[in-house]
Amino acid sequence: NLTVEQHAAVAAAYGGYLLSINDVAEQAFIQNHFERSNPYFIGLNDRTVEGAFRWADGTIPTYFNWATFEPNNVNNEDVVQITSVGQWND
């Protein structure tokens, strides 16, 4: 399993960046086009202030797809992953 930094480096090597998901349509597209057997990181984090989520580019999110009981910061999670069922885990 790669760290979020490693995921970001791989994306950057291909000229990209970690995902920002802005609405239900984008979430559906991602779920339909990305491999779902393992969780993967998106560009959402609360590293600067716990609970104040920002996209990797610093913008404030307007859409969330949290799994039940998320965000919960278990084990001091500061980055967000999409689970195999498409919900978000912090």
Side-chain angles (χ1 to χ4, degrees):
N1 291 333
L2 299 177
T3 66
V4 68
E5 290 80 9
Q6 291 168 321
H7 277 260
V10 169
Y14 286 96
Y17 48 89
L18 295 178
L19 291 168
S20 294
I21 303 170
N22 298 301
D23 55 42
V24 173
E26 289 180 5
Q27 177 75 37
F29 178 87
I30 291 161
Q31 283 182 249
N32 290 328
H33 291 86
F34 282 56
E35 195 258 301
R36 292 185 270 171
S37 63
N38 294 306
Y40 51 89
F41 291 105
I42 57 177
L44 191 62
N45 71 80
D46 64 346
R47 288 179 164 169
T48 303
V49 176
E50 186 60 42
F53 289 91
R54 299 288 184 271
W55 290 112
D57 67 0
T59 58
I60 298 171
T62 57
Y63 169 79
F64 297 96
N65 191 38
W66 296 118
T68 304
F69 305 117
E70 296 291 347
N72 60 17
N73 197 39
V74 168
N75 297 318
N76 196 34
E77 297 167 311
D78 288 325
V79 293
V80 178
Q81 291 180 312
I82 293 184
T83 68
S84 61
V85 296
Q87 295 179 315
W88 301 3
N89 172 55
D90 160 53

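Here the structure is a predicted model, which is why all the values come from computation and not from measurement.
Rounding to the nearest 0.5 Å gives a distance of 8.5 Å between CG of D46 and CG of N76. Atom CG in N89 sits 4.0 Å away from atom CD in E70 (nearest 0.5 Å). Taken to the nearest 0.5 Å, the CD atom of Q27 stands 6.0 Å off from the CH2 atom of W88. Between atom OH of residue Y17 and atom CD1 of residue I42 there is a gap of 13.0 Å, rounded to the nearest 0.5 Å.
A side-chain contact (heavy atoms from CB on, under 4.5 Å) with I21 is found for one member of I82, N65, L44 and no other, namely I82.
Between E26 and S20 the shortest heavy-atom distance is OE1-O, 3.5 Å.
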Notebook entry, point to check: Given the rule in the side-chain contact (heavy atoms from CB on, under 4.5 Å) test, do E50 and N73 qualify, once you have shown the distances and angles that lead to the verdict?
Noted result: CA-CA 8 Å; E50 186 60 42; N73 197 39; 3.1 Å; yes
Notebook entry, point to check: What do the steps show when you test W55 against L18 for side-chain contact (heavy atoms from CB on, under 4.5 Å), and what is the final call?
Noted result: CA-CA 9 Å; W55 290 112; L18 295 178; over 6 Å; no
Check: After noting the C-alpha distance and the side-chain angles of I60 and R54, does the key distance pass the side-chain contact (heavy atoms from CB on, under 4.5 Å) rule?
Finding: CA-CA 5 Å; I60 298 171; R54 299 288 184 271; 3.5 Å; yes
Check: side-chain contact (heavy atoms from CB on, under 4.5 Å) between V80 and W66: does it pass, once the steps are laid out?
Finding: CA-CA 9 Å; V80 178; W66 296 118; 3.7 Å; yes
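Linking Ile, Leu, Val, Met, Phe, Trp and Tyr whenever their side-chain heavy atoms come within less than 4.5 Å leaves V85 and F64 in two separate clusters. V10 and F41 fall into different hydrophobic clusters, defined by Ile, Leu, Val, Met, Phe, Trp and Tyr side-chain heavy atoms under 4.5 Å apart, directly or through other members. A continuous path of hydrophobic side-chain contacts links F53 to I30 [ILVMFWY only; heavy atoms under 4.5 Å].
Around the CZ atom of F34, the shell of radius 6.0 Å holds more than 12 heavy atoms that belong to other residues, nucleotides or ligands. Under a cut-off of 6.0 angstrom, the local environment of CG in N75 is sparse, with at most 12 non-hydrogen atoms contributed by other residues, nucleotides or ligands.
No donor-acceptor pair closer than 3.5 Å links the side chain of D78 to the backbone N or O of R47.
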